[in-house]
Structures are given as structure tokens and as C-alpha cells.
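See structure below.
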There are 2 protein chains.
Amino acid sequence: MTTTEGPSGGPAEGLTTSDRILDAALASFATRGYDATSLDALAKGLELTKQSILYWFPSKDAVLEAVIARSAGELSVALETALSDAGAGWVRVEAVVRSVFRVAARQPELLGLLREVGRLGPPAATQMTLALEPLVRRASSFLEAEMDAGTMRRHDPRLLLLAIYSTVIGMVTEVEVLRALGEEPTARSLVRRRTDVLALLRSALVIE
Amino acid sequence: MTTTEGPSGGPAEGLTTSDRILDAALASFATRGYDATSLDALAKGLELTKQSILYWFPSKDAVLEAVIARSAGELSVALETALSDAGAGWVRVEAVVRSVFRVAARQPELLGLLREVGRLGPPAATQMTLALEPLVRRASSFLEAEMDAGTMRRHDPRLLLLAIYSTVIGMVTEVEVLRALGEEPTARSLVRRRTDVLALLRSALVIE
DNA sequence: GAAGTTGTCTACCATTTGGTAAGTGACCAC
DNA sequence: GTGGTCACTTACCAAATGGTAGACAACTTC
């Protein structure tokens, strides 16, 4: 259903219409937010009509659902790789954090969506939760193992994960707060933030 | 204009109509979000008509503006107190964090609004920024002084502030993430989160 | 070349949105 | 007791929203 146009059938960059819709929807949901995104506006940006969107997806909710499914998949791949790569202890945390910042640089909308979905609550949040659950489980048990091994300070692993999540995601998505602090959200600044958050996390987590 | 009804003129708890409107708006903006909040729904909850809201405030934007102004004021008071109280170094950071958690327990909408406004961007975010600017300045220079004194690890004070902000606000407002981690957002859990975030921040910041 | 199938369009529609206009009853000044 | 203000109402409205129905052109299949 989504691959009917083939690799070269799309009117633009060789993308399926449904993929182009998901791209635009992801971008708009992540920045303007779900509620503030209208199908008409979405369609206009794609040089389509709203009805064409509703041809590919039965409803606006279904578009969100598809966006979440796709994005959660991409996010999982990006992080699972870092999480399963060799290395232990702090090195592994650093690898994961770095991969989040890599996502922030290449596809900031992915992290913006994560935020937006958390704000929307169920059922969207539930779907995202379920899709990322394996990742969370692995990360949580990794932290626990490290604490058991005595290489990281002891905390409730779930709260620790929430703290890391909040810090990293905040550092990457809190554009307005950044501006409030007089720091323009540029690419250079992103690197600086990465360096800083890594140093911060390191002193918070690592024993010795 | 807002005090015409006097201290006992309100139909319910002795509150001005315009204050009741702001209360309801704050709650709804903070939870459902600005876009998802309609004047009709707001009015219905207050047993008023939408037109009565538009009698007190010229537009929906103006309601948001007023909500931000009032909330930023309350937030400033709560935090300025903690920030200006006696004590130095870590004790003072702890006092501020504790006061944020106190707000989270008594008026969680205040922090929810902070989040929502950051998401909305200008002009709302700019207004909030300006209103909280003195607070940010004081906090930033406090951290810088501590780092100069060698009692806290050296970081870019603004990025450090962003990290602390993200962590604390995240710990307090990321209900869905909390749920995703299998932690129900109860009052008891809030206390645990406070303990945990304090321990975490302490090891991240304090030298020795 | 007739019969699908596919992707997009035009034409609608009911509902909701923020906002305007014009009233109405209660209270107050004089 | 009349004029005026105050708080709130009913009656509208234009625009936008998500969604339906049906037409239509392009292409494939036989």
C-alpha cells in the first residue's frame, strides 16, 4: 500500500506520497505541535489536498500513529546500536548520549516528537511507550548492573533514567529556555552542550 | 478592573471572576495545552459563557498573557525567597530545588505552564523569559560565584542552569515518561524523586 | 477497447473556533 | 426615578477544522 509508487514514482525526491506525508507531519507535529497542525496546512506544504492525505491515512489520528510508529523505530535503531556496542560502564552511557546528540543534529524532529507525544498523553503516549519499551528495559537493566558492579553510584535505576532522559532531551529540545539564557541554538552550541552534559553526567554517575 | 467584585463578591469562593478565569485557564493550558483549550470549554467549566471571558479579556491570547504574567510572578516569589535565603553553596541549590518541588506538590500547573510556554515559542515565551529574567540572572551569577570559589565543579553557568532546569522540571512534569518507566506519579513518588534528584545533583555539582 | 485499479481532485458538510453586536437585569449616584 | 455603569447574556458570524461522497484522469490487465 505504501510502496505502490515504487522507488522512482514520487513526484519529487523519489519518495512515496505516504512517506512525504509522514515527513511533513513529523516536522510539523514536532515543532508546531499536533493540535496546531491542520491537515489543510500539511497538504498545502506538500502541494496536495487534504483529501489526498485522507486517502493514505483514514484520519489525522492515524497520521500521528504512523508518525509515531516510524519515528519510534528509527529512534530504537539509533539507540539500540549504541547501547549494544562494545564497551562497558561510562563508555557505554557516553555512546548512547552521543547518539542522541547525533540524532539531534541530523533529525531534531525525532526528539521534538518524543516531547510532543509525552505531552499529548494516551493513547499516543502509550503507543510510543510500548514501541520504546525494549530500549527502556535494556537501558534500565544496564544501569542496574553497573550499580551492582559498583562502577556507578546507586540510585533508583528508573529515576536515574528519567533524570538522564530529562537532562539530555532538555539540553537538546529546550530551545526557548536556551534563548532565555542568552545562548543561541546553533550547531556549534549543540556540540558545546554535548560536551557539557557529558561532563555533568560523568561526575554525577561515575564513582572515582 | 479585576477587583471590582470585592473580596466577597464572587459567586463561589470569594474570587473575582477574572481570577477564576485565570485559574481555569492556567489549569487547562498546563495540562491540555493552549491550542487544545477552547474558550467555550473554559467557560463551560466556570459556568459562564465564552462571551463573559471575552468581557474580562479582549482575546484568548490576552488570557494567556495574563496567565503568564500572574504565574511568572508567583514562581518568582517562590524561588526568589529560596534563592535569597541564608546559606551558601550546595545548601542554597538544595533550597531552590526543594522549593520547586514544593510548587510541584501545591501548584503543579505552574510548572506545566512553564513547559507549555516554552513549547509555544514567541511571543508567549518571550514574555515568560522577560518576567523570569531577574531570577535567571541571580541564579546564574550565584552558580558562577560558587564555581569561582571552588565549591562547585566548573561548567558554563548557563548550560549548567539549563541542565538543572531540565532535570528538575523533567522529574516533576514528565508524567508520561514516568509512567513509561513503571512509576506511578503519586505524592509519595514525588518525594522519592526529590530525594533522588537532590542526590544526583549533589554528586554532579559539589566538589569533595 | 473494455474493465478495473490507483491516486488525486472538486464539492460538500457538520462542528468548532475566536470574536462582534446588541441587548438585559442589577445596582448606584443624584 | 432617571441615567449610567457593571457583569453577563443571547444572537450571530466568518473562518477553519476533520471528514465524506463522488468524479476523473492515468495506467494496467485482459
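Chain letters run A, B, ... following the sequence lines, proteins first, then strands; residues in each count from 1. Since the model is a prediction, treat every value here as computed from it, not as a measurement. All heavy atoms count here, side chains included; hydrogens, waters and symmetry mates do not.
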A:Tyr55 six-ring face occupied by A:Lys50 cation (under 6.0 Å, within 45°): no
Between P of D:dA21 and OH of A:Tyr55, the distance in whole Å: 16 Å
Whole-Å gap separating C1' (C:dG7) and CG (A:Asp19): 16 Å
Under 4.0 angstrom between B:Trp56 side-chain N/O and D:dC6 OP1 or OP2: no
For atom CG of B:Leu15 and atom P of D:dA7, their distance in whole Å: 15 Å
C:dT8 phosphate, OP1 or OP2, under 4.0 Å from A:Thr17 side-chain N/O: yes
Protein-nucleotide distance (A:Ile21, atom CD1; D:dG18, atom C1'), rounded to Å: 15 Å
Residues which pass side-chain hydrogen bond (donor to acceptor under 3.5 Å, both in side chains) with B:Arg193, listed by chain and number, not counting sequence neighbours: B:Ser189
Protein proximity profile, nucleotides 9-23 of chain C - base contact B, sugar-phosphate-only contact S, no contact -, cut-off 4.0 Å on heavy atoms: BBB-----SBBBB--
Check: B:Glu65/B:Gln127 side-chain N/O donor and acceptor closer than 3.5 Å: no
Side-chain donor/acceptor of A:Lys60 to backbone N/O of A:Tyr34, under 3.5 Å: yes
Between B:Thr37 and B:Arg32, a side-chain donor and acceptor under 3.5 Å: no
Short side-chain to backbone donor-acceptor contact, A:Ser140 and A:Arg137, under 3.5 Å: no
